[in-house]
Amino acid sequence: MSGGAQGSYWATSVVLIGWGVAVVVVCQLDPDLDTSGLYLAGVGLGATAGMLLSRRGFAVDPLGMTVTIAIGGPSSRSSSTPAQCSATRASMPCCLAP
C-alpha cells in the first residue's frame, strides 16, 4: 500500500445532491421565493449531510466540500429561468412531469 492521502467522493456527492434537490424543487414547484436562497439552502443541507456522514466514519473531507461549493458557485449565477424549467419538464418522463 502506498502512503498517499486517502479520499473519497462523499464530499462532492453530498453537496451536489443537496444542490440538485434544490434545483428540482425550484423547477418543479416554481416557488415565489428567491432561487439563490433556495440553492444556498440545498448546498447547506448537503454540507450538513456530509458532516453527519463524517461523524459516522465515512471519509468526508471538509476541504473537498468547500472546493465543490467554490467551483459550483459561479455556475449558479445563471439561475434557472421559468423557460428553462419548462423545457426541462417537457423532456422528463411522464412520471416526473407536472
Side-chain angles (χ1 to χ4, degrees):
M1 231 188 233
S2 62
Q6 294 184 0
S8 70
Y9 294 110
W10 283 106
T12 304
S13 63
V14 293
V15 170
L16 292 179
I17 288 171
W19 209 326
V21 167
V23 169
V24 169
V25 166
V26 167
C27 282
Q28 291 295 316
L29 301 180
D30 195 24
D32 189 24
L33 298 169
D34 179 33
T35 57
S36 299
L38 291 173
Y39 295 153
L40 184 59
V43 169
L45 290 173
T48 301
M51 289 293 93
L52 291 173
L53 285 174
S54 177
R55 287 184 173 194
R56 292 285 191 186
F58 287 81
V60 180
D61 182 26
L63 182 60
M65 286 192 297
T66 306
V67 169
T68 301
I69 294 167
I71 290 174
S75 67
S76 71
R77 289 188 185 140
S78 59
S79 299
S80 299
T81 64
Q84 290 170 328
C85 287
S86 295
T88 302
R89 274 191 224 116
S91 68
M92 289 182 177
C94 63
C95 61
L96 296 177

Check: Shortest non-hydrogen contact from Pro62 to Met51?
Finding: CG-CE, 3.9 Å
Next item on the list: Quick one: closest heavy-atom pair of Asp61 and Ala11, and the distance?
Entry: O-CB, 3.5 Å
Note to self: Rounded at 0.5 Å granularity, tell me how far CG in Leu45 sits from CH2 in Trp19.
What the structure shows: 13.5 Å
Check: What residues, two or more places apart in sequence or in another chain, satisfy side chain to side chain contact (heavy atoms under 4.5 Å, CB included) together with Leu38?
Finding: Val26, Pro31, Leu33
Next item on the list: Only counting residues at least two apart or in another chain, list the ones meeting side chain to side chain contact (heavy atoms under 4.5 Å, CB included) with Ser13.
Entry: Trp10
Checklist line | Single hit among Leu52, Leu53, Thr12 for side-chain contact (heavy atoms from CB on, under 4.5 Å) with Val60 | finding: Leu53
Next item on the list: Please check if the side chain of Thr68 supplies one atom and the backbone of Gly64 the other of a donor-acceptor pair under 3.5 Å.
Entry: yes
Margin query: With clusters defined by side-chain heavy atoms of hydrophobic residues (ILVMFWY) lying less than 4.5 Å apart, directly or transitively, does Val15 cluster with Val23?
Written below: yes
